[in-house]
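One structure below.
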Amino acid sequence: MGDAMQSHNQGRTILVVDDIAVNLDVAVCVLEGAGFQALVARDGEEALQRARQVQPDLILLDVVMPGIDGFETCRRLKAAAETREVPVIFMTALNDASNKVTGFAAGGVDYITKPFQFDELLARVETHLSLRSAQKELVAKSAQLQESEARYRGLFEAATDGLLQFDFRSGRITEINASLLNMLGCDRNDLLGHKFWEVEPFRNFPACKSAIAELPPNGRVCFEHLRLRPADAARLDVEIVANVYLVGGAKMVQCNVRNITARKRAEEALLREQESLKSLLENIRAVPWEIDLESGACTYIGPQVEQQWRWSPARFAEPGFLLDCVHPEDRRAFGTALKKRGGHADQSIDCRILRLDQTVIHVRSLLSPATKLDDGRRIVRGVSIDVTAQKELEIELRQAQKLESVGRLASGVAHEINTPVQFVNDSCHFVRDGLQELRGLIVKYRETVRALAEGGLAPQAALEQLSAAEAAADTDYLLESMPGAMNRALDGLERVSNIVRSMKEFAHPNQKQKAYADINKAILSTLTIARNEYKYVADLKTELGDIPEVCCFLGDFNQVILNIVVNAAHAIADALQKSNEEKGLITVRTELDGSHVLITISDTGGGIPEHIRDKIFDPFFTTKEVGKGTGQGLAIARSVIVDKHQGELRFDSEVGRGTTFIIRLPIESAETVVQESAA
């Protein structure tokens, strides 16, 4: 017996039961020589006791023994929960068929006829230990699959968006989650089993029906701002995203129904707020001022500053008083903007103002280019508008958009999880069927060997029968393919784990203060959960450099990356409709740039037309069709990068070739730099 086999068998325990000491000694010698741990029992009662104590991997059981015989011993082993699964091989000199039938009926898996051949004994032991090991592995994989299915079911039921599945061919609804039932105000039985297009309120959308009918497998279509009218609600605006996928060869449709009523109302409220802001400007509700850059004193400030900022206008004639009114965290950026006022374009900067009563308001200041007077003084003129209410609304809308983004990705993530779960299931079924084929082959081997032993079959005929049985079972194919199937199953489970982990990392809680974070890791997590948004239209290429951790608001940064990547995917999808290309390319790079980190996101879409490039960061500006975009994504991205992180967000674009967004993020926060300089 080779060293490798002995090493393989170490730790595997065989219980040998026989009332004849010589037989025990021979069996123990053979088994221990092969590396097994051999235990002995001299009758049935002792065998039952030892089997319960040590839980052997296999039992070699004599039939004829004093007290209870081997058959009864086997029956009792199989009746006990702790020993039921242990394989039992009978050792007997009884060759008649009735005894063998009795042994198999009692629960035995095989027979070894005394006196036995050493090689035969080891071969049969190895065979049944292998079968037992495969059975245990199959049970474990089945448990893992059930766990994955339970996790998917949990995600399905826990999703805040409404989720619904129906059979493409029959149209009958097979799954619906609690969120959608609550949204529609109906009972589960009102929808399950009914045809999707025949139940309220979906019958109101014939355009959805025709579009879904034309979808290929893995196709996706989105309908926004549809109006549902459940019995208990006068208004409910929704967005429906339909995905077609295959389950066992059958086409299924999953619909993600998102309630966007709150978002619609928030958009309308924001529009009303902008109209109100416009009215304020027209009624000179802004604070105009003029400042001498050398002394820092205001040479003029509007009288309305006393009503809005609570300070007397005379105080602003004091050198540096205007800058002192700016919140300490915004003072450096505001002072820098004043000193760098050159060129011919106006500049807008947001900051917080400390009023006389120490309350804080948000103001947006429009700064004109610096002007040099005849006496040599340089002055900057500005108009400051109170935008506190708008800022608060923007914060609410930013949070709403983050929740909307996660909700929009929910069905895609569920689909991403479903795909590996499906091929885990397929691989396990293949392994199960392969084991059944191998079991049949082993049975054929036993029958042939038995026939040879009894003299009823010539060796040549036996060889031909076994060759034919191996060919029928396609043994070479099974031995070659089954390990690959198990590897695919393990890979599928790993993919599910990665997706769930990425969702957890993306859903970073809102931070009140900046913290150091691994930007590369954050980007990879965001790309993982956004995969369903781009995988059908673009390949992804990442070139992540060796960069340090960055002090940032990680949740807001993740949202910026998500917005830009989703926009890139949409731009590529639009470009593909006008070309013969199958897929575009999204490239994400990171690199160190002095005291900053540079993040670039490039796409091969159609590019940004020249006449709208100065508008893409404006709130509510969008090039998408009506109802398919709020225009807030890039506006929020600019606010996060420029205002919250004092970074830079710009883009390069070429019509027909694509667009690259460049994010330049400081490694240290501005507050940290100021503190270190003061120290």
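Fair warning: this is a prediction, and the values are worked out from it, not measured in the lab.
A donor-acceptor contact shorter than 3.5 Å is absent between the side chain of Gln37 and the backbone of Ile14. In this structure, Lys78 contributes its side chain and Thr83 its backbone to no donor-acceptor pair below 3.5 Å. Counting only distance, with no hydrogens or angles, the side chain of Ser170 and the backbone of Arg172 share a donor-acceptor pair below 3.5 Å. No side-chain donor-acceptor contact under 3.5 Å links Tyr445 to the backbone of Gly440. Of the possible donor and acceptor atoms, one in the side chain of Asp57 sits under 3.5 Å from a partner among the backbone N and O of Thr13. Side-chain atoms of Asn177 come within 3.5 Å of backbone N or O of Asp161 as a donor-acceptor pair. With hydrogens and angles ignored, the 3.5 Å screen pairs a side-chain donor or acceptor of Thr73 with a backbone N or O of Asp69.
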Yes or no on salt bridge (charged side-chain N to carboxylate O under 4.0 Å, His left out) for Glu447 and Arg450, after CA distance, side-chain angles and deciding distance?
CA-CA 5 Å; Glu447 293 174 354; Arg450 187 162 51 249; 5.1 Å; no
Would Tyr534 and Leu527 satisfy side-chain contact (heavy atoms from CB on, under 4.5 Å), going step by step from the backbone distance to the final call?
CA-CA 9 Å; Tyr534 62 76; Leu527 292 174; 4.3 Å; yes
Run the numbers on Leu435 and Arg439 for side-chain contact (heavy atoms from CB on, under 4.5 Å), then give the verdict.
CA-CA 6 Å; Leu435 289 175; Arg439 181 180 180 277; over 6 Å; no
Step by step, work out the salt bridge (charged side-chain N to carboxylate O under 4.0 Å, His left out) result for Asp167 and Lys251.
CA-CA 7 Å; Asp167 183 88; Lys251 291 175 69 175; over 6 Å; no
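Rounding to the nearest 0.5 Å gives a distance of 11.5 Å between CG of Asp62 and CD1 of Ile112. Of the inter-residue distances, the one linking Leu544 atom CG with Thr590 atom OG1 reads 4.5 Å to the nearest 0.5 angstrom.
Within a 6.0 Å sphere centred on CD of Glu582, heavy atoms belonging to other residues, nucleotides or ligands number 12 at most. By the 6.0 Å contact criterion, CZ on Arg84 is enclosed, its count of non-hydrogen atoms from other residues, nucleotides or ligands being greater than 12. Annotation: Asp187, atom CG; neighbour count of heavy atoms from other residues, nucleotides and ligands within 6.0 Å is above 12.
Applying the salt bridge (Lys or Arg N to Asp or Glu O under 4.0 Å) test to every pair with at least one member in residues 33-56, sequence neighbours left out, gives these pairs: Glu45-Arg76.
Ion pairing of Glu120 with Arg124 is present here, as a side-chain N (NZ or NE/NH1/NH2) and a carboxylate O approach within less than 4.0 Å.
Between Phe90 and Tyr111, the angle of the ring planes lies from 30° to 60°, which puts this pair in the tilted group.
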